[in-house]
Amino acid sequence: MAAHRRKQRTAGIQGFVRFSAVSLTVASAAVATACGVGGSKNDAAQNVSVAAAPDAPADQGTGAPAPMEAATASASPTAAATSVPPTTRPSPSASSPVVKRPAATTRTAPRPAGTTAAPAPTKPAVKKSAPVSGSSGFTSGYPTGANARGAVEAAVAAAKADGKKVLIDFGANWCGNCKAADRVFATSGVGALLDASYHVVKVDIGSQDSSAFDLLRDYCSGEGAYKMPVLVVLDGNGKVVTETHSTGNPELTETGLGAFLRKWA
């Protein structure tokens with residue numbers, strides 16, 4: 001009885017070993033098939049030799065058939081795996097039509113016709129004219145080389161006829177005070193006083209003309225330097241009413257010269 005049990009255990013161990021070998025062979029074949037690598041002839045012979053191993057003796061009991069059924073069941077995935085053909089990607093056909101996208105067409109906007117810029121308006125040139133004297137005969141500056149004595153005699157004759165006074169302005173074109181007085185005489189207010197009450201004579205004493213100095217001494221007594229401008233007022237008879245060489249010049253402003261002209265008009 002004990003020997004029979006040992007024989008059964010030995011047969012069971014041998015069956016388990018055969019079952020493990022078959023399972024290992026089936027698993028190796030499945031891995032080789034999945035990787036696309038076929039086994040060699042020696043592996044096939046080894047698999048066949050393992051699968052064809054003789055079964056256990058009939059007296060080993062009912063425990064031996066179970067491993068064989070398990071081996072058969074585990075081999076079925078190998079057959080299923082080997083029966084599936086490998087999948088390959090379809091190669092693109094040379095005759096397949098190639099769809100080309102139409103090139104985008106851009107419309108260019110028409111360029112506007114070139115316009116020429118209008119010329120900038122030009123300011124009319126302002127012509128500088130010589131100062132125009134009013135009825136008094138006043139002009140800016142001092143005439144050089146003029147007949148001063150003759151101009152005074154003509155002014156006295158006019159003053160006698162209309163009752164105005166004569167204003168003799170002795171000065172020089174380079175004199176700063178003389179230019180300041182000219183600017184005041186040219187203003188509208190002081191100019192109106194000259195036109196209403198005086199005949200003006202300008203005498204240049206800056207050019208060292210001896211005749212001009214002789215005329216100045218006729219109306220201004222005394223000796224010494226003359227502070228320009230020297231203003232002399234005559235009546236219609238040619239007599240001196242006032243002269244600034246002895247009295248001194250008024251302020252060379254509209255107020256100062258205006259007051260002087262009103263006083264001796």
Side-chain angles (χ1 to χ4, degrees), residues 123-209 211-222 225-265:
K123 294 182 179 181
V126 179
K127 295 182 179 180
K128 293 183 179 181
S129 57
V132 179
S133 63
S135 60
S136 66
F138 166 81
T139 57
S140 297
Y142 298 86
T144 301
N147 183 7
R149 191 173 291 275
V152 172
E153 291 175 354
V156 170
K160 188 175 184 178
D162 57 17
K164 295 181 180 180
K165 297 290 176 39
V166 175
L167 176 64
I168 306 174
D169 181 358
F170 293 92
N173 291 317
W174 46 261
C175 171
N177 287 338
C178 300
K179 293 179 181 179
D182 275 355
R183 287 192 293 269
V184 176
F185 288 144
T187 60
S188 58
V190 177
L193 289 175
L194 290 176
D195 291 340
S197 304
Y198 293 91
H199 294 282
V200 180
V201 179
K202 306 288 288 288
V203 180
D204 179 21
I205 58 175
S207 59
Q208 302 298 321
D209 186 358
S211 61
F213 276 100
D214 291 341
L215 184 61
L216 176 59
R217 292 187 184 97
D218 289 346
Y219 301 113
C220 296
S221 61
Y226 295 90
K227 185 178 180 180
M228 295 184 294
V230 179
L231 302 179
V232 179
V233 178
L234 305 178
D235 60 13
N237 295 320
K239 292 183 179 181
V240 176
V241 176
T242 189
E243 44 88 11
T244 60
H245 174 63
S246 58
T247 63
N249 279 327
E251 292 184 1
L252 302 180
T253 62
E254 292 187 36
T255 303
L257 287 176
F260 175 83
L261 295 176
R262 291 186 185 93
K263 179 179 181 180
W264 304 109

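- Listed here is the closest heavy atom pair of Val166 and Ala155: CG2-O, 3.4 Å.
- Closest approach of Thr244 to Pro229, counting heavy atoms only: OG1-O, 3.8 Å.
- Rounding to the nearest 0.5 angstrom, the gap separating the CG atom in Asp169 from the CG atom in Leu231 is 5.5 Å.
- Asp235 contributes a side-chain N or O that, together with a main-chain N or O of Asn237, makes up a donor-acceptor pair within less than 3.5 Å.
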Donor-acceptor pairs under 3.5 angstrom involving side-chain atoms of residues 251-265: please list them, not counting sequence neighbours.
unit_1	atom_1	unit_2	atom_2	d
Thr253	OG1	Gly256	N	3.0
Arg262	NH1	Gly258	O	3.3

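- Minimum interatomic distance between Tyr219 and Glu243 (heavy atoms only, all atoms of both residues): O-CG, 3.9 Å.
- What you find for Lys164 and Ala196 is that their closest heavy atoms are CE-O, 3.6 Å.
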So Asn173 and Thr144, side-chain contact (heavy atoms from CB on, under 4.5 Å) or not? Walk me through it. CA-CA 9 Å; Asn173 291 317; Thr144 301; 3.9 Å; yes

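- Atom CG in Leu167 sits 11.5 Å away from atom NE2 in His199 (nearest 0.5 Å).
- Going from atom CZ of Arg183 over to atom OG of Ser140 covers 9.5 Å, rounded to the nearest 0.5 Å.
- With sequence neighbours left out, the salt bridge (Lys or Arg N to Asp or Glu O under 4.0 Å) criterion links Asp182 to Lys202.
- Met228 and Cys178 make their closest contact through CB-SG, 3.8 Å (heavy atoms, listed as atom of the first residue, atom of the second, distance).
- Under 3.5 Å, the side chains of Ser207 and Asp209 contain no donor-acceptor pair of N or O atoms.
- The minimum heavy-atom distance between Asp204 and Pro143, with the atom names listed, is CB-O, 3.5 Å.
- Put simply, the side chain of Trp174 does not reach to within 4.5 Å of the side chain of Lys179, judged on heavy atoms.
- Here OH of Tyr142 is found 8.5 Å from CD1 of Ile205. Values are rounded to the nearest 0.5 Å.
- A 4.5 Å side-chain heavy-atom check between Leu234 and Val240 finds at least one atom pair inside the cut-off.
- Atom CZ of residue Phe170 and atom CG of residue Leu216 lie 5.0 Å apart, to the nearest 0.5 angstrom.
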Determine, stepwise, if the pair Leu193 / Tyr198 fulfils side-chain contact (heavy atoms from CB on, under 4.5 Å). CA-CA 8 Å; Leu193 289 175; Tyr198 293 91; 5.8 Å; no

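- Identified under the salt bridge (charged side-chain N to carboxylate O under 4.0 Å, His left out) test for residues 136-152, with sequence neighbours left out: Arg149-Asp218.
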